[in-house]
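Worksheet for the structure shown next.
Letters A, B, ... mirror the listed sequences (proteins, then strands); counts begin at 1.
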Amino acid sequence: NAGVIQTPRHKVTGKGQEATLWCEPISGHSAVFWYRQTIVQGLEFLTYFRNQAPIDDSGMPKERFSAQMPNQSHSTLKIQSTQPQDSAVYLCASSWGGGNTLYFGEGSRLIVV
Amino acid sequence: GDSVTQTEGPVTVSESESLIINCTYSATSIAYPNLFWYVRYPGEGLQLLLKVITAGQKGSSRGFEATYNKETTSFHLQKASVQESDSAVYYCALGAQGTGSKLSFGKGAKLTVSP
């Protein structure tokens with residue numbers, strides 16, 4: 001079974017550019033989560049979907065960040081007008097419908113220069 | 001809010017010595033907290049090490065143990081004799097019981113086991 005797949009693994013973008021990160025959850029998992037990891041803040045929850053519907057986006061910065069799950073096989077996290085403080089590792093995780101154990105991808109490292 | 005406080009790295013231990021990584025939690029909005037330890041080995045993704053869903057119970061995996069103590073709101077990770085291959089970053093996490101709920105993580109403790 002393939003794990004959670006995240007692309008790209010590394011992305012360098014210029015300040016003010018847009019960045020889109022992709023996540024393919026484990027087949028059969030109905031919940032998808034996005035986290036951001038930095039040295040200072042650690043692992044911060046951003047948002048999650050269940051059965052493709054947005055459930056909780058309480059961790060998402062109100063401006064510039066958006067997430068979607070157009071089908072059960074992928075989710076995207078988009079950051080508009082990227083800023084240096086957006087530099088982080090963005091982690092996607094999925095879980096099956098009846099449980100709360102998260103299975104993580106290897107992350108997408110975003111560097112904004 | 002719900003939060004986790006844990007030993008923050010680096011933690012350096014010699015091979016075959018014992019280890020404890022402290023974790024305490026605050027679950028103000030969760031009626032039945034579940035507690036987790038996740039681990040990230042070098043070059044790998046974050047993965048579940050062990051999980052306990054019932055207060056008073058102990059979880060174990062790969063020689064590590066952690067007991068869910070509701071009275072002290074703690075979930076310390078212990079191992080009697082560490083190996084060099086245990087070198088990794090360890091994260092304590094808190095979540096609600098049930099369907100696809102988010103987890104709150106501690107900041108992680110980087111363990112280095114010296115030969």
Side-chain angles (χ1 to χ4, degrees), chain A residues 1-7 9 23-26 28-60 67 69 72 75 89-109, chain B residues 1-10 21 23-25 27-54 59 61 66 68 75 88-110:
Chain A
N1 241 350
V4 174
I5 298 171
Q6 291 189 247
T7 55
R9 294 291 313 280
C23 172
E24 180 180 332
I26 293 172
H29 282 191
S30 58
V32 171
F33 302 77
W34 285 96
Y35 284 79
R36 175 171 64 182
Q37 183 170 31
T38 60
I39 292 174
V40 173
Q41 297 295 333
L43 270 160
E44 298 176 278
F45 167 79
L46 295 176
T47 186
Y48 88 95
F49 299 83
R50 188 186 304 146
N51 295 321
Q52 299 173 235
I55 301 300
D56 181 351
D57 67 354
S58 59
M60 288 280 274
M69 190 162 185
Q72 64 184 9
S75 175
V89 176
Y90 291 84
L91 294 170
C92 177
S94 68
S95 71
W96 67 285
N100 58 6
T101 296
L102 302 189
Y103 296 83
F104 284 86
E106 295 190 21
S108 293
R109 180 177 295 276
Chain B
D2 305 316
S3 64
V4 173
T5 303
Q6 66 168 104
T7 302
E8 294 182 25
I21 299 176
C23 172
T24 57
Y25 67 90
T28 57
S29 69
I30 301 174
Y32 300 99
N34 290 182
L35 295 168
F36 305 76
W37 278 100
Y38 276 79
V39 59
R40 183 169 57 221
Y41 296 103
E44 299 184 18
L46 195 59
Q47 58 187 275
L48 179 69
L49 178 61
L50 56 87
K51 164 185 175 179
V52 179
I53 65 172
T54 304
S61 174
Y68 181 166
F75 191 56
V89 184
Y90 293 82
Y91 297 86
C92 185
L94 162 73
Q97 187 159 348
T99 306
S101 64
K102 68 183 182 185
L103 301 184
S104 298
F105 286 85
K107 290 200 172 180
K110 182 175 182 180

Partner set under side chain to side chain donor-acceptor pair (under 3.5 Å) for W37(B), not counting sequence neighbours: none
Polar side-chain atom of Y103(A) near backbone of L46(B) as donor-acceptor pair, under 3.5 Å: no
Side chain, backbone, both or neither: which part of [X] has an atom under 4.5 Å from a heavy atom of chain B?
{"X": "Q41(A)", "answer": "backbone"}
{"X": "V40(A)", "answer": "backbone"}
{"X": "T47(A)", "answer": "neither"}

Contacts of type side-chain contact (heavy atoms from CB on, under 4.5 Å), residue V39(B), not counting sequence neighbours: Y41(B), Q47(B), L49(B), A88(B), Y90(B)
Heavy-atom closest contact (K102(B) atom, S58(A) atom, distance): NZ-OG, 3.4 Å
Step-by-step side-chain contact (heavy atoms from CB on, under 4.5 Å) determination, R40(B) to Q37(A): CA-CA 13 Å; R40(B) 183 169 57 221; Q37(A) 183 170 31; 3.0 Å; yes
side-chain contact (heavy atoms from CB on, under 4.5 Å) evaluation trace for L103(B) with Y35(A): CA-CA 10 Å; L103(B) 301 184; Y35(A) 284 79; 3.7 Å; yes
Point-to-point distance, once rounded to the nearest 0.5 Å, from CZ of F105(B) to CG of L102(A): 5.5 Å
Donor-acceptor pair between N100(A) and K51(B) side chains, under 3.5 angstrom: yes
Pair Y38(B) + F104(A): ring centers closer than 6.0 Å: yes
Over 12 non-hydrogen atoms of neighbours within 6.0 angstrom of CD in Q72(A): no
